[in-house]
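Residue numbering restarts at 1 for every chain, and letters A, B, ... go by the order of the sequence lines. Everything numeric here is computed off the predicted structure, so don't read it as measured data.
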Amino acid sequence: MNSLIALVSMGALGLIFGLSLGVAARKFAVEKDPRVDEILEVLPGANCGGCGYPGCSGLADAVVAGNAPADACPVGKAPVAAKVAEIMGVKLDSSAEPKYARVMCLGDRTRAIELFEYHGIRDCRAAQLVGGGSKGCTYGCLGLGSCVSACPFGAMSMGEDGLPKVDDDLCTGCGKCVAACPRGIIGLRSKKDSVNVMCRSHARGPEVKKVCSIGCIGCGICAKNCPEKAITIVDNLAVIDNSKCTRCGICVEKCPAKCIIDYAKIEPALPAGAGCENLASASGGEGSKAAS
Amino acid sequence: MLYCQAARRVRPVSSLGVAYKGVRCMPRGSFRGGIHPPENKSSTSGLPIVAAQQPSKVVVLLNMGTSGALSSMVARGDSVLRGQKIADPVGRMGVPSYSPVSGKVTAIGAARTGLGTLDQAITIEPDGQDTLDESCVPVENVDKLSQAEIVSIIREAGIVGMGGAQFPTHVKLTLPQDARVDTLLINGAECEPYLTADHRLMVERPRDVVRGTQILMKAIGVDRAVIGVEDNKPDAVEALRRAIAEATAGGAVEVAAVRTHYPQGSEKHLIKSVLGREVPPGRLPFHVGVVVNNVGTAVAVADRFDRGLPLIERVVTVTGSGVAKPSNIMMKIGTPAIELIEQCGGFAGDPGKIIFGGPMMGAAVPAADVPTTKGTSGILVLDRAESRSVEPMPCIRCGRCVESCPMRLEPALLHQWCEAKLWNEAEAYHALDCIECGVCSYECPSRRNLVQAIKYAKAEIGARRRAARERGDK
Amino acid sequence: MKQLLVILFSQALVNNYMLARILGTCPFIGVSQQFETATGMSLAVVFVMTMASVITWLVQHFILNPLGMAYLQTVSFILVIAALVQLIEMVIKKNSPGLYRALGIYLPLITTNCAVLGVAIINISSNYNLIESAVSGAAGGLGWGLAIMLFAAIRERQRLAPISQAMQGFPIALVTTGLLAMAFLGFSGFDVARFIGL
Amino acid sequence: MRDTVKLGLILMLICAVSAGSLSYVYGVTSKIIDERKALEVARALAVVLPSAQDFEKLTEEELADVKADARFSGIEEAYRGSADGEVRGVVAKVLTSGYGGKIALLVGVSSDLSVEGLEVLSHSETPGLGGEITKSAFRSQFAGKGSSGPLAVNKDGGEIVAISSATISSRAVVAGVNTVRDLTAALGVAGGAGR
Amino acid sequence: MSSPLQAFTNGIYKENPTFRLLLGMCPTIAASMAVSNGIGMGLAATFVLIGSNLIISLLRSVIPSEIRIPCYIVVIATFVTIVDLVMNAFLPELHAVLGVFVPLIVVNCIILARAEAFASKNGPVASIMDGLGMGLGFTVALIVLSAIREPLATGVILAAADFGFDGIRLFPQRYAMAIVNQPVGGFITLGLAIGAVNLITSKKKSKGSHGAQGGAGK
Amino acid sequence: MADSKLIVTPAPHLRGNIDTPTLMRDVVIALLPACVAGVYFFGVPALISLVSGVVGCVGAELVFEKLSKKPVTIGDWSAVVTGLLVAMVLPPHVPAWIVVLSGVFAIGIVKLLFGGLGYNVFNPALAGRAFATAAWSALATTGYVWPASIEGAAWARGIDAVTSATPLTMLKMGEIGGTSMSRFYMPLFLGNVAGSLGETSALALLIGAVYLLWRTHISLRIPMSYIITVAVVTALYGQDPLFHVLSGGLILGAFFMATDYVTSPINAKGQIIFGIGCGILTSLIRLFGGYPEGVAYSILIMNAAVPMIDRFARPKRFGEVKARA
Ligand SMILES: Cc1cc2nc3c(=O)[nH]c(=O)nc-3n(C[C@H](O)[C@H](O)[C@H](O)COP(=O)(O)O)c2cc1C
Ligand SMILES: Cc1cc2nc3c(=O)[nH]c(=O)nc-3n(C[C@H](O)[C@H](O)[C@H](O)COP(=O)(O)O)c2cc1C
Ligand SMILES: Cc1cc2nc3c(=O)[nH]c(=O)nc-3n(C[C@H](O)[C@H](O)[C@H](O)COP(=O)(O)O)c2cc1C
Ligand SMILES: Cc1cc2nc3c(=O)[nH]c(=O)nc-3n(C[C@H](O)[C@H](O)[C@H](O)CO)c2cc1C
Ligand code: SF4
Ligand code: SF4
Ligand code: SF4
Ligand code: SF4
Ligand code: FES
């Protein structure tokens with residue numbers, strides 16, 4: 001008897017709430033494109049803003065609204081782009097290559113001189129405002145790591161030599177570091193575009209020589225020797241047109257300043273696993289979501 | 001409220017009439033916050049201004065900060081005369097530049113400035129003659145000129161604020177239609193420690209100060225001017241008073257002695273001290289009916305009208321522990337700092353820091369050979385021991401910076417936002433109101449670089465605003 | 001009236017749900033990174049705890065007690081709370097997007113907040129009447145809200161502190177909560193009745 | 001519409017199954033729980049009033065009558081204990097105000113108004129200070145005392161040695177014991193003059 | 001990912017609900033005052049987890065998403081009530097100590113989280129294993145914490161009132177820190193324990209190499 | 001010109017002459033009179049206590065920083081301040097190991113875990129006391145003694161000479177009371193009553209406070225708003241305000257602990273709100289709370305509110321008032 005009462009009354013409660021939830025689900029349904037949530041699921045959830053939208057949900061909205069392309073997320077790169085494209089039912093131009101940050105300066109402690117002793121906030125952008133930065137070269141890397149602290153993925157670390165290093169495994173090509181560098185030294189390059197002039201100095205040759213032993217002096221030897229005519233000298237600085245470059249390596253060899261580098265052929269020294277704890281501890285909650 | 005801290009933190013009991021050597025001056029005023037650092041002025045405050053030696057070269061910069069870029073009117077190899085116009089401004093805000101010497105243009109190109117940047121500049125090698133260009137003639141009949149004419153002569157003379165910011169004076173003098181300005185305030189506070197350039201001008205050339213003041217009054221059409229001087233310069237107050245008594249024509253010029261208290265020379269605080277008016281945040285002096293000019297600016301105006309000279313020289317105080325023989329020098333603008341130091345007997349010991357301006361707001365320059373500018377009021381050389389800076393410690397939230405900030409901001413928190421790169425927060429905590437006076441860093445027991453952080457924040461906020469505006473335009 | 005005040009003070013401060021009773025830790029730690037979100041969460045918790053107090057009181061006194069089914073307390077309470085929270089969420093999502101943004105997004109999180117079921121059970125075991133239960137719920141929510149708002153402000157300041165890698169995030173938040181609870185020990189033994197009586 | 005009904009029915013089914021299974025488990029466990037509780041009470045009563053074997057609980061009305069007296073507002077439950085048909089004493093659960101809150105005591109007082117046994121059921125005193133009231137070293141002092149008048153702590157001139165630095169808690173226990181002592185007298189159990 | 005064995009081991013270390021997922025903290029703190037409490041609470045939660053995971057996994061295709069939460073929670077509450085009743089009957093002292101936290105297993109974030117995240121998407125066997133793993137993970141965490149807290153707070157370890165065992169005294173009562181068994185001590189111990197686990201994990205992952213330190217410097 | 005490079009730093013190039021270590025050392029100096037008074041009244045155990053506090057705190061800072069390979073910061077003297085204060089807020093006859101462990105807790109958990117000097121949320125010394133009180137209540141709340149010097153003093157008649165209760169405990173237990181307790185004023189002012197090591201002598205504390213005020217290290221905003229609030233609230237409840245101001249740790253707390261920079265609001269407005277908050281909480285805990293004394297907990301509770309106060313109590317900028325007019 002007792003259990004019958006229990007059965008019936010609980011059943012009644014269940015019925016009431018089940019019905020009302022059912023009614024409510026219908027009556028108060030909010031039209032929302034389900035694709036927004038789907039896209040949000042596949043986006044990395046780093047909320048870094050590298051795409052230019054306010055966080056991942058911002059990008060999801062924009063993609064569904066047609067304001068952003070399917071491969072707008074620089075972090076997720078091709079795999080995410082493919083999934084987003086699938087959700088959106090569009091085709092991707094698969095030629096898009098992922099890009100990585102490249103610090104276009106080789107003026108480390110041994111090669112470039114310091115003009116003065118700087119004491120102050122250890123941040124390149126702040127230092128730039130004081131005496132223009134301590135580097136003898138007004139174009140060179142200040143080595144105070146604004147880029148390092150700007151990277152949301154811990155892909156950058158400050159090397160022993162006073163130049164920042166990029167860990168390609170972690171770099172998502174979001175470009176945060178590019179924007180952070182007060183000297184505009186960092187560029188985004190795909191793996192393919194591996195031959196680069198690692199200097200940004202527009203100073204004339206003798207001026208460069210005074211402050212840095214590995215800066216581009218604008219001598220034009222590379223341009224002369226390039227079989228593809230891919231190199232031009234613009235305002236005292238050699239510029240490589242990567243679309244013409246065949247990575248023959250002649251310029252790398254000929255450059256008297258040794259400031260041209262083929263990234264595919266050197267292994268940039270990096271401390272192992274730099275900065276990865278950062279992410280591991282931050283995403284404790286997310287970990288479960290991703291794993292399940 | 002309970003302002004029971006030591007005297008320097010006590011809100012001053014103001015409005016006491018102070019009698020100066022028998023003559024009643026303006027009520028002595030002050031403002032809340034601020035500090036009284038050691039003045040260190042005694043080594044130069046009694047030294048008359050001496051003429052500069054002929055420099056080996058002068059470097060005239062073609063980028064003038066607020067007043068924008070200039071374009072050169074001469075070419076390499078040209079001969080120029082002293083007072084000859086050699087560059088014209090590109091923008092509306094700008095003023096022309098004149099050659100401070102007669103000689104030959106040896107280079108036009110990038111030169112390192114005191115700020116560490118590479119800027120375009122004209123380098124001139126003097127011929128030692130100092131032949132004056134014939135365009136330099138005094139202005140007759142000042143009384144007959146209209147306001148606009150006076151302003152245009154001032155602009156043409158290349159005059160910018162000599163108080164430090166080098167803000168183009170003609171822009172300040174061109175008031176908006178609806179502005180109701182009643183007072184011209186001449187800033188003779190010279191509150192920065194060490195500096196005595198303005199002090200010497202007021203003592204030695206008080207008549208020119210008054211004359212320039214009167215012309216400036218005409219330019220903005222007011223009949224009242226007050227010269228605000230810190231009360232540590234009684235001789236300047238006296239000299240000015242005498243000059244005023246002697247001057248016959250012109251409107252009423254008064255002298256107000258104000259408390260010796262840094263940053264008394266900041267225009268907002270001087271206005272508060274002398275006139276009791278507070279310039280609201282984000283507003284300019286003319287919103288409370290005042291235009292502020294430096295005494296050096298007034299003298300430059302007088303020089304143009306009475307002697308025909310455009311702005312090609314200024315007084316600079318060369319001083320500090322690292323200089324053998326500190327002096328006040330009437331220098332040719334563009335002279336490399338090192339040559340002025342050499343005129344003062346060279347370095348005493350191992351120089352650690354060379355500062356353009358005073359120790360509170362001045363900029364340490366990257367090298368000794370950078371050129372001086374129209375705004376270089378002092379060259380302060382500190383020896384190596386004095387230049388050493390202590391590693392900052394963490395903020396202990398002592399509140400000294402908050403308590404002493406004359407703008408009543410919270411520098412410690414601004415520094416925090418800057419550290420975390422939270423620029424919106426920095427803006428919400430009014431980073432843009434900071435006058436960069438340096439009081440907070442001076443006071444900080446943890447030796448934090450508060451002003452640098454705030455400057456950084458201001459730069460970032462500015463950049464963001466500009467970017468937002470551009471996006472809006474698109 | 002005085003009795004209600006006594007309940008208010010003791011539930012909000014002396015027996016603070018978070019700091020003295022350890023209820024509602026997960027959202028307390030999870031939703032306190034920002035002061036604004038913590039404020040939104042506080043409002044939502046006050047609302048849900050009040051509502052849950054009232055509805056479960058009704059269930060207890062009009063269904064469970066008369067039918068002699070006190071052992072179904074947990075099941076029926078949680079069913080009622082979960083369903084109601086979900087209903088309310090749907091309603092405000094539709095009718096008031098502004099309120100939804102301020103409050104609604106926190107609602108689903110609250111279903112699994114111990115404090116909500118806790119207050120319902122504690123109300124019954126304290127023999128509160130309907131109005132007392134409502135006040136108790138609101139007070140519990142307010143106390144929890146006060147704690148999380150203080151805590152969120154603290155955590156915003158902590159963002160800049162050089163806390164060692166391993167302790168960053170949850171660990172330091174838990175230690176902070178512990179110290180906060182230690183400060184709130186000052187309220188222990190507080191004679192609310194005598195305080196109100198005056 | 002059919003979907004909605006389906007929702008209701010599913011939830012109803014789950015609830016019903018849940019209720020069904022719970023009522024079964026409840027049926028099994030409630031017997032054990034009730035028995036255990038009864039046993040516990042009996043055991044506790046026997047501990048604090050060993051001289052009695054049978055305990056008769058005061059009815060609701062009787063208790064209400066007792067509590068009408070302000071002295072006895074702290075009494076929660078009370079039992080008359082008897083052995084061989086003869087009333088031997090009273091056991092009562094009493095609440096008293098300690099340092100950190102209410103202390104619940106179970107006190108057995110025999111008909112000559114001396115304390116037979118004392119248990120601390122619950123308290124929120126400070127561990128190490130007032131918390132020591134639960135220790136038998138403290139409690140055992142009470143046994144046999146009280147026949148000559150109300151008890152008191154040594155500070156107040158009595159013979160109960162208060163726990164050092166926890167006079168408040170000690171006083172509270174004494175007060176609780178005295179209440180039961182008074183109750184025993186008030187119930188007319190004292191002096192063996194049972195009904 | 002949902003191989004049963006993996007689902008099981010996951011919960012114990014890699015996704016330990018307390019130390020890694022940071023869920024179910026209220027009962028963790030409340031029940032870790034003594035090792036015996038910890039084991040009791042842990043096993044109770046394990047039972048509920050297994051039971052609810054199993055039922056929910058079985059019903060996963062039947063339950064419509066609109067009433068997902070109420071359904072899960074009723075299932076969970078049922079198991080919780082069963083535990084509550086059984087514990088009251090057979091382990092009364094433990095039941096008294098755990099008090100309101102037994103019914104509150106219902107809202108233990110771990111359980112609903114597993115229902116949502118795992119059982120509603122996986123088959124019954126994997127779900128049972130997941131429940132078992134998670135439950136044991138929770139239990140392990142409770143044991144670790146209580147093995148720290150109990151002796152610090154009382155000087156005794158392994159006291160179990162239900163079995164009439166007074167525990168092993170490690171040091172005199174006089175030195176015991178009562179605060180460790182208060183909420184204060186619970187929060188701090190849990191915080192430090194999670195910190196320690198983080199430290200160990202990060203040490204394991206890579207030795208040293210201090211990552212990017214943010215901020216504009218000092 | 002010498003060929004070493006110039007130094008470039010941001011302005012200002014002139015810095016004031018007070019730095020953090022000096023400042024902390026001044027606080028130590030200011031605490032000395034009260035320490036001396038404590039040792040004078042309570043004897044050698046008090047001295048042992050003070051030494052244990054400093055050893056515990058400085059030692060903990062040294063060891064933890066070495067262990068975590070961080071720069072050692074004991075040179076900034078702040079751990080010494082904390083060490084002295086930990087001992088000063090505990091009973092004078094508390095076992096030394098409790099003082100040491102409280103110091104370790106204060107520095108290790110409350111300060112260093114949170115990032116060290118400047119980043120702690122709660123006042124380390126007070127947290128240390130709260131910890132000791134809750135951890136070893138039996139030992140940490142019973143070490144109070146009445147200074148031997150007053151035995152037989154006329155005013156103390158009726159007070160058990162060996163009792164371990166402080167005046168506030170006696171008040172709480174109803175042993176003393178009423179609106180006029182003037183017989184306590186002088187002993188409380190001089191310090192020959194039972195109480196925590198450093199809290200009993202108002203005179204010695206005020207000497208230290210005047211030193212700090214003179215050195216401009218503290219302002220009167222927090223102490224005054226705190227003390228006045230306590231006086232007003234206790235008077236409103238019909239108690240003797242002067243007794244309340246002089247007894248317990250109020251003077252110590254108001255001048256030396258509520259003013260701790262790190263854990264108090266940064267601007268004037270916030271500081272006054274903070275002081276008033278501390279005052280209300282202290283009075284209420286003393287009058288209605290479970291503890292006889294409320295200074296420590298009220299400061300700790302208000303410490304927790306500091307970030308929120310800093311958020312809402314903001315100074316008016318230069319010119320802001322006029323802007324609205
Ligand atoms: C963007 C800008 C616009 C200004 N416009 C005016 C103006 O219209 N009228 C005026 O009197 N001063 C104007 N000023 C000048 C300021 O009042 C001030 O004198 C100048 O910036 C130098 O300030 P400082 O030396 O106190 O830093 C302007 C300044 C800036 C930066
Ligand atoms: C902190 C601070 C201190 C200043 N000190 C002085 C000073 O001592 N003397 C002075 O003439 N200008 C000083 N200025 C600049 C004035 O604010 C103002 O710009 C100047 O007097 C305007 O005159 P000018 O445009 O002719 O230079 C100071 C500015 C600031 C922000
Ligand atoms: C943290 C703390 C806990 C206390 N706990 C108790 C307690 O449990 N029981 C008690 O009677 N007094 C307690 N007291 C009060 C004091 O110990 C008080 O000095 C004592 O009751 C009076 O001293 P006496 O018992 O030696 O006369 C406590 C005090 C504090 C500060
Ligand atoms: C005026 C003043 C008061 C202080 N008060 C305390 C205090 O009450 N407790 C404490 O641990 N440290 C105190 N300190 C030292 C220091 O600020 C403290 O250790 C920091 O909280 C550590 O980050 C004080 C320092 C000063 C300057
Ligand atoms: S290195 Fe630069 S581009 Fe790469 S992830 Fe970091 S910030 Fe983005
Ligand atoms: S690359 Fe740019 S931001 Fe990075 S350290 Fe060099 S100057 Fe600084
Ligand atoms: S914040 Fe700006 S205005 Fe205030 S003291 Fe610092 S530099 Fe001066
Ligand atoms: S003066 Fe320095 S230490 Fe003090 S609050 Fe300001 S920044 Fe912090
Ligand atoms: S267990 Fe998660 S809120 Fe309590």
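Applying the ring pair (Phe, Tyr, Trp, His ring centres under 6.0 Å) test to every pair with at least one member in residues 61-83 of chain C, sequence neighbours left out, gives these pairs: W57(C)-H61(C), Y71(C)-Y26(D). Each side chain to side chain donor-acceptor pair (under 3.5 Å) pair with one or both residues in residues 275-290 of chain F, not counting sequence neighbours, appears once here: Y226(F)-T282(F), H244(F)-R286(F), T282(F)-S298(F), R286(F)-E293(F).
Of all the listed residues (M302(F), M308(F), K70(F)), the one sharing the greatest number of non-hydrogen pairs under 4.5 Å with chain C is M308(F). The choice from L284(F), L281(F), N120(F) that makes the most heavy-atom pairs within less than 4.5 Å of chain C is L284(F). Heavy-atom pairs under 4.5 Å with chain C were tallied for L300(F), I301(F), N303(F); the largest tally goes to I301(F). The residue among A153(C), P171(C), G178(C), S164(C) with the most heavy atom pairs within less than 4.5 Å of chain F is A153(C).
Counting all heavy atoms, side chain and backbone alike, V94(F) lies closest to A140(F) at CG2-CA, 3.8 Å. The shortest heavy-atom contact between I109(F) and V175(C) is CG2-CG1, 3.9 Å. Smallest separation of non-hydrogen atoms from T82(F) and P124(F): CG2-CB, 3.7 Å.
Annotation: side chain of T20(F) is not in contact with side chain of Y261(F) (no heavy-atom distance under 4.5 Å).
A distance of 11.5 Å separates OG1 in T177(C) from CG in L150(C), rounded to the nearest 0.5 Å.
Under a 4.0 Å N-O distance rule, the pair K111(F)/E65(F) does not qualify as a salt bridge.
Considering only residues two or more places apart in sequence or on other chains, T263(F) meets the side-chain hydrogen bond (donor to acceptor under 3.5 Å, both in side chains) condition with D260(F).
For chain C, the nearby part of V306(F) is the side chain; its heavy atoms alone come within less than 4.5 Å. Only the side chain of F122(F) comes within contact range of chain C, with at least one heavy atom under 4.5 Å from a heavy atom of that chain. Contacts of M167(C) with chain F are made by side-chain atoms alone, with heavy-atom separations under 4.5 Å and no backbone atom involved.
Listed by sequence position, the residues of residues 4-24 of chain C in contact with chain F number zero, using a 4.5 angstrom heavy-atom cutoff.
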